[in-house]
Novice: 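The structure follows.
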Amino acid sequence: MSQTYDRGPVEDFGRWREFSAGMWAWIFHKFTGWVLVGYLFTHIAVLSTATAGGTVYTETIRGLESLLVVRILEVGLLAVAVFHILNGVRLLFVDLGVGLESQDRSFYASLVLTGAIVVASVPTFLAGAF
Amino acid sequence: MSTPVTEEPESESEPETDEQPAADAETAAAEPTAQQRRMAKKRDDAARRDAQRRAEEETREAENTVHLKVFRYDPEVEGKQEPRFDDFRVPFHKGMTVLDALIYARDHYDSSLTFRHSCRQAVCGSDAMFVNGRQRLCCKTQLADLDEPVRIEPLPHQDVVKDLVVDMEHFYDQMEAVEPFFDPDDLPSDDLAEQRQSRENREYIKMATRCIWCGACMSSCNIAAGDNEYLGPAAINMAYRFIMDEREGESRGQERLEIVEQEHGVWRCQTQFSCTEVCPKDIPLTEHIQELKREAVKNNLKFW
Ligand code: HEM
Ligand code: SF4
Ligand code: FES
């Protein structure tokens, strides 16, 4: 029934702004989960160069790390991973029925903590990149 | 209807931009005489005061009316098949709810404006609507708490029958799927004996019993929107109410658990908390669903 009726633009105009904490947490968790899966494939691809010999692997890594985009993407990857882990722990608590009344605060806490960890990591990831 | 707003006394003192009389003396040779300038100034001041008052009246006027933007749609009338928004400006009074405003608009401006309501006290559950981007019970929502214009739409993810009326049939089907009636394994031997519940147990299911079948939760749930077979928060909560009722007994409880743990039951819930946010009766829906998930796991994994 829900799929059969299309209220057109009237229905979804400005809807995304109305999401509450739990909804954003869900969307971010989906997004970060799938980004991590995507990274897993790249990760395997890069690591597999080692099968062609140690120097090839070293050269690949050197080549990648010399690119500024890669350095920035690494910061992004950390952000995605940290958020996924923190929110994942939050979700495990939700599954256990622990602290459900502060589920929104724990989501904000995951966000803030992710931000802090990412900022702290920037010097390490971007060292010598510029 | 509207409580009269007490008029603020107009300030009699001249604005501080008033020119000093000393200015008259030094400009004696200038063309316009002091009198002319005074008159001109008076006219200016009067005009400015007028404008100010008009502006003030306008804002007061605006404060005294609420601007509603109401979703309109009527598949049976040629010119109304295209969904649109109608504007209504309704006189505001203290304590006015969204439902009051809708009733006023219908009774005074457009008798074809259609919406459900009955009890006007959050009991019957017939007036859940999508107000300013959120599922709310109109009779329980104060206009003063909302930003203007107040946008009122029918519940999302349900067929619109007309204007603000949605088809609730699917929601009722889901509610009925969990067999929402007390059905104990064994009845007391004496037909007239009461089936008493312990105070603790009553307290335990208290919140779950408060559902008024308004459908707000189901409409807010993005899983229910994508999966029509999903029982939805209200139905699962209803099942919870009976599963947790100690008087029903083991075998009925088992049957009930089997209903909620099927494919489109509790496991569809992604803990987005949307239903819990919107429920006008403050039922901790997500918590109840999560508890049933754990019950279902305990029921199926018997390591202990
Ligand atoms: C300590 C690390 C991790 C924790 C604590 C964690 C936790 C979780 C949890 C609890 C869920 C379930 C969400 C729900 O209830 O709907 C989930 C979903 C998911 N996770 Fe993770 N996760 C971790 C690492 C990863 C990694 C490394 C990947 C990628 C390779 C990943 C990919 C995903 C995906 C794709 C989903 C499903 C998203 C969906 O439902 O569409 N996770 N994670
Ligand atoms: S659980 Fe709450 S939101 Fe859902 S139908 Fe019942 S009263 Fe309405
Ligand atoms: S009119 Fe009955 S619940 Fe609002």
Side-chain angles (χ1 to χ4, degrees), chain A residues 1-37 80 83-114, chain B residues 69 71-73 75 82-85 130-135 151 153-161 166-171 173-174 218-230 232 269-278 284-295 297:
Chain A
M1 225 162 275
S2 51
Q3 289 99 328
T4 56
Y5 189 81
D6 180 14
R7 256 178 263 175
V10 169
E11 162 97 347
D12 48 38
F13 172 74
R15 284 286 291 282
W16 64 272
R17 276 183 279 116
E18 323 289 359
F19 286 174
S20 49
M23 195 71 184
W24 283 116
W26 180 75
I27 287 179
F28 288 170
H29 201 85
K30 298 268 120 149
F31 177 75
T32 54
W34 289 109
V35 168
L36 287 174
V37 171
V80 159
F83 176 80
H84 190 88
I85 291 170
L86 292 177
N87 195 56
V89 172
R90 169 183 168 273
L91 286 173
L92 295 177
F93 276 111
V94 168
D95 283 341
L96 292 173
V98 177
L100 290 193
E101 58 296 330
S102 35
Q103 58 91 11
D104 45 352
R105 267 167 291 153
S106 56
F107 166 61
Y108 298 135
S110 324
L111 279 184
V112 171
L113 213 57
T114 304
Chain B
K69 275 179 116 55
F71 179 91
R72 303 301 302 273
Y73 166 75
E82 191 59 35
R84 66 176 200 282
F85 277 102
F130 196 61
V131 182
N132 276 5
R134 190 189 153 130
Q135 286 78 7
R151 205 174 72 220
E153 297 166 62
L155 286 181
H157 309 309
Q158 268 141 301
D159 269 346
V160 181
V161 179
V166 290
D167 185 354
M168 299 285 282
E169 214 47 56
H170 178 61
F171 175 74
D173 285 348
Q174 303 304 71
M218 184 82 140
S219 166
S220 78
C221 176
N222 130 329
I223 305 300
D227 173 10
N228 250 347
E229 286 174 67
Y230 176 41
C269 169
Q270 300 274 312
T271 64
Q272 293 171 5
F273 289 90
S274 311
C275 53
T276 309
E277 302 266 331
V278 301
L285 294 160
T286 312
E287 197 176 319
H288 290 171
I289 298 171
Q290 292 296 85
E291 202 172 332
L292 287 184
K293 282 183 189 168
R294 291 196 298 277
E295 285 301 316
V297 172

Novice: Which atom pair, heavy atoms only, marks the closest approach of Gln290(B) to Val94(A)?
Specialist: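 The answer is NE2-O, 3.0 Å.
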Novice: Could you measure the distance from the CD atom of Gln270(B) to the NE2 atom of His29(A)? Nearest 0.5 Å is fine.
Specialist: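 Answer for the CD-NE2 pair, Gln270(B) versus His29(A), is 9.5 Å.
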Novice: If every non-hydrogen atom of Gly97(A) is compared with every non-hydrogen atom of Arg294(B), which pair is closest and at what distance?
Specialist: N-NH1, 3.1 Å
Novice: Working to the nearest 0.5 angstrom, can you tell me the gap between Thr276(B) OG1 and Gln103(A) CD?
Specialist: 7.5 Å
Novice: What is the minimum heavy-atom distance between Thr286(B) and Leu100(A), and which atoms define it?
Specialist: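 It is C-CD1, 4.5 Å.
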Novice: Which atoms of Glu287(B) are under 4.5 Å from chain A, going by heavy atoms: the side chain, the backbone, both sets, or neither?
Specialist: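 Both the backbone and the side chain of Glu287(B) come within 4.5 Å of chain A.
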Novice: Is it the side chain or the backbone of Ile27(A) that comes within 4.5 Å of chain B heavy atoms, both, or neither?
Specialist: neither
